[in-house]
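In what follows, a structure is listed as structure tokens, so that the remarks can point back to it.
Sequence positions, counted from 1, serve as the residue numbers for this chain. When reading the values below, keep in mind they use all heavy atoms of this one structure, side chains included, and skip hydrogens, waters and symmetry mates. Note that the coordinates shown come from a computational prediction; the quantities given were computed from them, not determined experimentally. Each ligand, and each atom within it, is numbered from 1 in the order the structure gives.
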Amino acid sequence: MSYPVTLIPGDGTGPEITEATRRVLEATGVPFTWHVQEAGLAVLEREGSILPPRVLDSIRHTRVALKGPITTPIGKGMRSANVTLRKTLDLYANVRPAKSFPGLRSRYSNIDLIIVRENTEDLYAGIEFQRGSPDLHELIDWLGERTSIHLDYDAAISIKYISAAASRRIVRFAFDYAVANKRRKVTAVHKANIMRYSDGLFLSVAQEVAREYPQIQFEDRIVDNMCMQLVQKPEQYDVLVLPNLYGDILSDLSAGLIGGLGVAPGANIGKDYAVFEPVHGSAPKYAGQNKVNPMAMMFSGALMLRHLGERAAAERLEGALAAVIAEGRNVTYDLKPTPDDKTAVGTSQVADAVIAKLKHGTAGK
Ligand code: NAD
């Protein structure tokens, strides 16, 4: 039996890293039937949408997708394809592991963090009021009449929406993940001292859920303090659960702790569907140059293998990636001592090196 998987190459450098990842996944010997679905800027020009409905239909059919990054045109009033995908398919949990590997250039060698980010609400819920719009005026008038809040019309408003239900399911997801993966502690991250109602709700729900898992340690941290702690003593943390915006920011911070976006994978998981993608964006300035690191997407592919129950193949792939990183020879510019290092190889050569490790069985030991 082969696994049907929707493959979304994305745009910018997405198609190159997607092709490299498809090759290494096939080299694990696990059979896939790829349902390739184009999305992104070129598709916007052709089909009038950056994420046409056929892409979502395909994922509804296969239930699993591997996705390259998609550019969000800034200031054109366009909703990010990534946010739309996560919201439409209710992919409520964004899981972003950050793990040190020997050979990665980083100030730290002992990072092993799992960021569990709520993916559907918070400031990303898309509840926004544009400066000068009738809706903004109406909202400001309503606030003026009904509350003691008087705002300037020359403004814009984004609403932070946090529900008890979404907080509960993301915190449960983090604890269930901790149990299933033998992790010891969950830390809830918030700013409940300032946003007493929205973040306060997230925190109180987290405390409530934590009582259902007495075998897992629980604590909470205020987000600014958490940033400092992660830089000073990251080894003290294990699984972090966060509302959407803090999760987005802290997962990039964690990627920085392990050696950069080039090796940071991600999974978007819901009740019915799962989409695997690197944390990084489309890096458009390098598009078509066979230059950027495909490893973040390859590690995302390993997360997908685990999700499909192919644990041994996932471990072999991660072992092959770790071996290539440790040797430091067949790696892209971002993993070399300096970005202009002449010995850096291209995207497809990294795939060749990982496939060689998989084929010669030196991986996963
Ligand atoms: P980016 O992640 O594309 O790039 C940030 C920096 O990291 C750049 O210097 C880039 O060259 C470098 N970089 C990124 N990926 C790399 C890789 N694989 N190997 C080596 N270096 C790499 O972030 P950005 O410039 O803020 O975003 C570009 C576009 O991507 C934006 O339109 C943004 O909205 C979109 N984006 C998409 C996703 C997604 O599809 N999930 C995620 C983040 C950003």
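Where the criterion is an N or O separation shorter than 3.5 Å, residue side chain and backbone included, I70 meets it with respect to ligand 1. At least one N/O-N/O distance between E277 and ligand 1 falls below 3.5 Å. Taking distance alone, with nitrogen or oxygen atoms compared against 3.5 Å, A283 approaches ligand 1 more closely than that limit.
Here the side chains of Y161 and Y124 are not in contact, with every heavy-atom distance at 4.5 Å or above. Within the 4.5 Å cutoff, no side-chain heavy atoms of I8 are placed close to those of T18.
Salt bridge status for K357 with E327: present, with a side-chain N to carboxylate O gap under 4.0 Å. Salt bridge D248/R96: present, at least one basic N to carboxylate O contact under 4.0 Å.
Heavy atoms from both the backbone and the side chain of T71 come within less than 4.0 Å of ligand 1.
Under the 4.0 angstrom criterion, atom 38 (C) of ligand 1 counts as having a protein heavy-atom contact. Taking a distance limit of 4.0 Å, we find that atom 11 (O) of ligand 1 is approached by some protein heavy atom. Within 4.0 Å of atom 2 (O) of ligand 1, at least one protein heavy atom is present. Less than 4.0 angstrom separates atom 6 (C) of ligand 1 from none of the non-hydrogen atoms of the protein.
Of the candidates S282, P294, G266, G68, S282 brings a heavy atom nearest to atom 28 (C) of ligand 1. The nearest non-hydrogen atom to atom 18 (N) of ligand 1, considering only L41, N293, V263, comes from N293. Nearest residue to atom 33 (C) of ligand 1 from L335, D248, T72 is T72 (criterion: closest heavy atom).
The side-chain contact (heavy atoms from CB on, under 4.5 Å) test with L66 is passed by exactly one of L25, V275, L303: L25. Shown are K99, R183, K182, K185; of these, the salt bridge (charged side-chain N to carboxylate O under 4.0 Å, His left out) with D238 is made only by R183.
Within ligand 1, the atoms closer than 4.0 Å to a non-hydrogen atom of Y333 are 11 (O), 20 (C), 21 (N), 22 (C), numbered from 1 in the order shown.
The shortest separation from a heavy atom of K67 to ligand 1 is under 4.0 Å, placing the residue in contact.
Closest protein heavy atom to atom 9 (O) of ligand 1: K285 NZ, 3.8 Å. Of the protein's non-hydrogen atoms, G281 CA, 4.4 Å is the one closest to atom 27 (O) of ligand 1. Ranking protein heavy atoms by distance to atom 25 (O) of ligand 1, first place goes to P284 CD, 4.9 Å.
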_I'd like to know whether V241 forms a side chain to side chain contact (heavy atoms under 4.5 Å, CB included) with T187, so could you lay out the CA-CA distance, the side-chain angles of the two residues, the decisive distance to 0.1 Å, and finally the verdict._
CA-CA 6 Å; V241 62; T187 305; over 6 Å; no
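Taking each heavy atom of N94 and A267 in turn, the nearest pair found is ND2-O, 3.0 Å. The two atoms that bring T88 and R60 nearest to each other are CG2-NH2, 3.6 Å, heavy atoms only.
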